[in-house]
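Below: the structure, in structure tokens.
Sequence lines set the chain letters: A, B, ... in the order given, protein chains first and strands last, and positions in each chain run from 1. Fair warning: this is a prediction, and the values are worked out from it, not measured in the lab.
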2 protein chains.
Amino acid sequence: MPEKSAYQGCPQCSRINEVLGRVGDRWSVLIVLSLAQYKVLRFNELKRHLGISQRMLSLKLRELERDGLVNRTYHPTIPPKVEYALTDLGYSFYEPVKTLGTWALDNLPNIDEARAEFDMQADEKKSA
Amino acid sequence: MPEKSAYQGCPQCSRINEVLGRVGDRWSVLIVLSLAQYKVLRFNELKRHLGISQRMLSLKLRELERDGLVNRTYHPTIPPKVEYALTDLGYSFYEPVKTLGTWALDNLPNIDEARAEFDMQADEKKSA
DNA sequence: ATCGCAGGTATCGAAAGTATACCAGCCTCG
DNA sequence: CGAGGCTGGTATACTTTCGATACCTGCGAT
């Protein structure tokens, strides 16, 4: 009998998993970081700043807006202008994200080093 | 001319992006959280605790080991026993991750609320 | 002898991400 | 005038990743 397994792990893990699945991806984190830094950014400013594809940016911004982290303001000027900014909830998310981003910047070398060593040892075993 | 665009965004974003691409995904975060809590866990303990597929767990653990966050100890007993624990680097990653996890737990209701309201307004517009 | 658990690997379809092209409206430059 | 460029997007096609499931080896218990 092919295991039914509706078990989703411990409840706390499920909940954290759920939130991270919504706002915990790379692009959402980077968008929040950028908006926290610049307060207000237009669509193409974000796009150029992040080096993200238009499609992804469009999707992620709508997601973040839906989840109440980002505010979208459409100015019906010529040419049209759309501005994005963090909401209060977005700024509260910025706090933990900032510490994560800082850790990331500080520890990239450590990770690279560990990775290089791991790969080296793997090579040794392979050629042994 | 179809835009060549090798531009990857601001350097800082690229670097953060890079690290997050390695250890910033949902499962890595949850594995680190679990290991920080229980100190040592076996493969299937983690699997059951997280509700993750074997394949993913296997991949993520190897990744985390490669990146120096997790230590894998193989006990050639009968039956074989494999234990996973955080390294020092792993524990240092736990700090920012903990604040992220806490935020996630605290703010799931807020996100749900924002989302419900957004969807409601979208429905109104649709039927207007 | 068959089942179960241990810790995986192999396979395959679905989902997510990327690259690219295209759109409408207006502006400028030649 | 008309070619192109900027605005903020969609639409399409392709590729990478993810997730569910099945299978494997080796042992021990029923």
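- Of the residues listed (B:Leu64, B:Val32, B:Val70), the one engaging B:Phe93 in a side-chain contact (heavy atoms from CB on, under 4.5 Å) is B:Val32, and it is the only one.
- D:dT17 atom C1' lies 11 Å from atom CZ of B:Arg26, rounded to whole Å.
- Rounded to whole Å, atom P of D:dG8 lies 9 Å from atom NZ of A:Lys81.
- Put simply, CH2 on A:Trp27 is 14 Å from P on D:dT17, counting in whole angstrom units.
- Of the residues in residues 67-80 of chain B, those lying under 4.0 Å from DNA chain D by heavy-atom distance are B:Ile78.
- What you find for B:Cys13 and A:Leu50 is that their closest heavy atoms are SG-CD2, 3.8 Å.
- In this structure, B:Leu50 places its CG atom 16 Å from C1' of D:dC18, rounding to the nearest Å.
- Between the side chain of B:Glu65 and the backbone N or O of B:Arg62 there is no donor-acceptor pair closer than 3.5 Å.
- Between B:Glu45 and B:Arg48 there is no salt bridge, since no side-chain N of the basic residue sits under 4.0 Å from a carboxylate O of the acidic one.
- Between A:Ser92 and B:Asn107, the shortest heavy-atom distance links the atoms OG-OD1, 4.2 Å.
- Nucleotide C:dT9 holds its C1' atom 14 Å from the NZ atom of B:Lys47, rounded to whole Å.
- Between B:Glu83 atom CD and C:dG7 atom C1' the separation is 13 Å, expressed in whole Å.
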Please tabulate, for side-chain N and O atoms in residues 23-31 of chain A, each donor-acceptor pair with protein atoms closer than 3.5 Å (sequence neighbours left out).
from	atom 1	to	atom 2	distance (Å)
A:Asp25	OD1	A:Ser28	OG	2.7
A:Asp25	OD2	A:Trp27	N	3.4
A:Asp25	OD2	A:Ser28	N	3.3
A:Asp25	OD2	A:Ser28	OG	3.4
A:Asp25	OD2	A:Lys60	NZ	3.4
A:Arg26	NE	B:Asn17	OD1	2.8

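- Taking all atoms of both residues into account, the shortest heavy-atom contact from A:Phe43 to A:Leu57 is O-CD2, 3.4 Å.
- Taking the side chain of B:Arg62 as heavy atoms from C-beta on, and the options D:dT10, D:dT7, C:dT9, the nearest nucleotide is C:dT9.
- Listed nucleotides: D:dC18, C:dG17, D:dT21. Nearest to the side chain of A:Arg55: C:dG17.
- Contact between the side-chain N/O atoms of B:Tyr84 and the OP1/OP2 oxygens of C:dG7 is not found at any separation under 4.0 Å.
- Atom C1' of nucleotide D:dG9 and atom CG of A:Leu46 are separated by 14 Å, given to the nearest angstrom.
- Distances shown here put every side-chain N or O of A:Ser58 at or beyond 4.0 Å from the OP1 or OP2 atom of D:dG8.
- Annotation: of the two residues near DNA chain D, B:Leu59 and B:Gln54, the 5′-most nearest-nucleotide partner is B:Leu59.
- Note: CG (B:Leu57) to P (D:dA20) measures 13 Å, nearest angstrom.
- Proximity of a side-chain donor or acceptor of A:Thr87 to a complementary backbone N or O of A:Gly68 within less than 3.5 Å is detected.
- Side-chain N or O atoms of B:Ser58 include none that pairs as donor or acceptor with a backbone N or O of B:Arg55 at under 3.5 Å.
- Residues B:Trp103 and A:Val19 approach most closely at CZ3-CG1, 4.1 Å, considering heavy atoms.
- For residues 34-45 of chain A, proximity to DNA chain D is found at A:Arg42, A:Phe43, A:Asn44, defined as any non-hydrogen atom under 4.0 angstrom from a strand atom.
- The listed nucleotides are D:dT21, D:dG9, C:dG7; the one nearest the side chain of B:Ser53 is D:dT21.
- Side-chain proximity of B:Val82 to the nucleotides C:dT9, D:dG9, C:dG7 is greatest for C:dG7.
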